[in-house]
Amino acid sequence: MRYRLKVPTVNIAPEVALALSENQPVVALESTIISHGLPRPRNREAALEFERILRDNGVVPATIAVIDGIPTVGLNPEGLATIADTDIAKASVRDLPTLMAKKLSGATTVAATAHIAAQAGIRVFATGGLGGVHRGANESFDESADLSTLAVTNVSVVSAGVKSVLDIAATLERLETLSVPVVGYGTRTFPAFWLRDSGFSLDWSAADATEVAAIMKAHDDTGNGQGIVVANPIPLEQQWDPAEHDRVLSEAFLAAEKAGVRGKAVTPFLLGYIVEASGGRSLEVNLDLARNNIRVAGDIATAWCRLRA
Ligand code: PSU
Ligand code: MN
């Protein structure tokens, strides 16, 4: 059976299309974390490793990016090299038409990745951390399009919460306003990316992947089309030392302020600064939590296919 593309402008790798048509598990992966979230050359190793983790668990990886103007689902080695080794734009949903018309490449954020994944019919997506409401947003209005996109995009996103550089309370409030379900994975404590505990609790948790799949099914039954945030904390023994975390973060904010960084440059600046100032420790934690999210996303995609079979 041939998998029919819903959107002819999206290039879906044959392996991904086949898996979707045969109800085999597929997990979407974003490319901004590779191009702007992790330093070279670790980013390239990470991109390959993330895909390998899925394959080792019988799940087809679909790394998403815009390559020469074409939204691409499932990258070949040249596509992976484009996002890992070259300076390309950080692309959110609003950047897609311009990149497409100009035939340029872009690394997709959570928002743009979720949008393209949904167009391709992929239901599960793994990332490190979701974008959210930035501190000081009451003046800067800086709120990630990840949130508004999840309000209209039916994809389950597995993340380790949102980075503690954001305003976590405000982010959770916005997710509530946008009617995006937030489910803790085996926990009712919302994680803070490098740390297990943001200090905020959740109304709901799911015990395992099968329960997440059941929630996805029920969500479809309600007729609602939002995404679902699956909040998956990093294991305790892998988290960053909280005191060290607090110290490095305050330094990073001062540095961003001094450098006058604004808009979409803020997240990459802070992440880069934090990696340096932590002597690489934050990077190891970032990689561990991403691996962990990818494993869980693979389990959810597998449970989802089983439920639909
Ligand atoms: N979280 C990370 N690393 C990242 C990002 C988030 O740990 O690289 C990226 C994601 O692609 C997310 C984006 O969608 O940052 C949010 O950016 P902004 O705040 O400009 O919307
Ligand atoms: Mn922003």
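Note that ligands are numbered from 1 as they come in the structure, with each ligand's atoms numbered from 1 the same way. Any value given below was found using the heavy atoms of this structure, including those in side chains, with hydrogens, waters and symmetry copies removed.
Atom CZ of R262 has 12 or fewer heavy atoms from other residues, nucleotides or ligands within 6.0 Å. E276 CD: 12 or fewer foreign heavy atoms inside a 6.0 Å radius. For CD of E139, the number of neighbouring non-hydrogen atoms (other residues, nucleotides, ligands) closer than 6.0 Å is 12 at most. Other residues, nucleotides and ligands place more than 12 heavy atoms under 6.0 Å from the CZ atom of R40.
Annotation for ligand 1: atoms under 4.0 Å from non-hydrogen atoms of T109 are 11 (O), 14 (O). Close contacts between ligand 1 and K90 involve ligand atoms 17 (O), 18 (P), 20 (O) [criterion: under 4.0 Å to a heavy atom]. Short contacts between ligand 1 and G37, defined as distances under 4.0 Å to a heavy atom of the residue, involve ligand atoms 8 (O). Residue-ligand proximity, L271 to ligand 1, at heavy-atom distances under 4.0 Å covers atoms 2 (C), 3 (N), 4 (C), 8 (O). Interface of H134 with ligand 1, defined as ligand atoms under 4.0 Å from a residue heavy atom, comprises 19 (O). Ligand-side atoms of ligand 1 in range of D146: 12 (C), 14 (O), 16 (C), range being under 4.0 angstrom from any heavy atom.
Around atom 9 (C) of ligand 1, the closest heavy atom drawn from I274, T108, T32 belongs to T32.
Taking atom 11 (O) of ligand 1 as the reference point, the nearest protein heavy-atom neighbour is E30 OE1, 2.6 Å. Nearest to atom 7 (O) of ligand 1 among the protein's heavy atoms is F193 CZ, 2.8 Å. The closest protein non-hydrogen atom to atom 6 (C) of ligand 1 is K163 NZ, 3.1 Å.
Among the atoms of S144, some N or O lies under 3.5 angstrom from an N or O of ligand 1. Polar contact with ligand 1: present for V110 (N/O pair, distance under 3.5 Å).
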Going through the checks in order, is the side chain to side chain contact (heavy atoms under 4.5 Å, CB included) test met by T267 and H134?
-> CA-CA 9 Å; T267 302; H134 285 257; 3.5 Å; yes
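When all heavy atoms of S31 and I83 are compared, the closest pair comes out as CB-CD1, 3.6 Å. Of all non-hydrogen atoms in V155 and I122, the two that sit nearest each other are CG2-O, 3.7 Å.
The closest side-chain donor-acceptor pair between T109 and T32, if any, does not fall under 3.5 angstrom.
In this structure, G129 has a heavy atom closer than 4.0 Å to ligand 1.
Within D142, the N, O or S atom lying nearest to the Mn ion (ligand 2) carries the name OD1.
Only the side chain of T267 comes within 4.0 Å of ligand 1, judged by heavy-atom distances.
Of the candidates T72, T63, T113, T113 is the only one forming a side chain to side chain donor-acceptor pair (under 3.5 Å) with T108.
No donor-acceptor pair closer than 3.5 Å links the side chain of D167 to the backbone N or O of R135.
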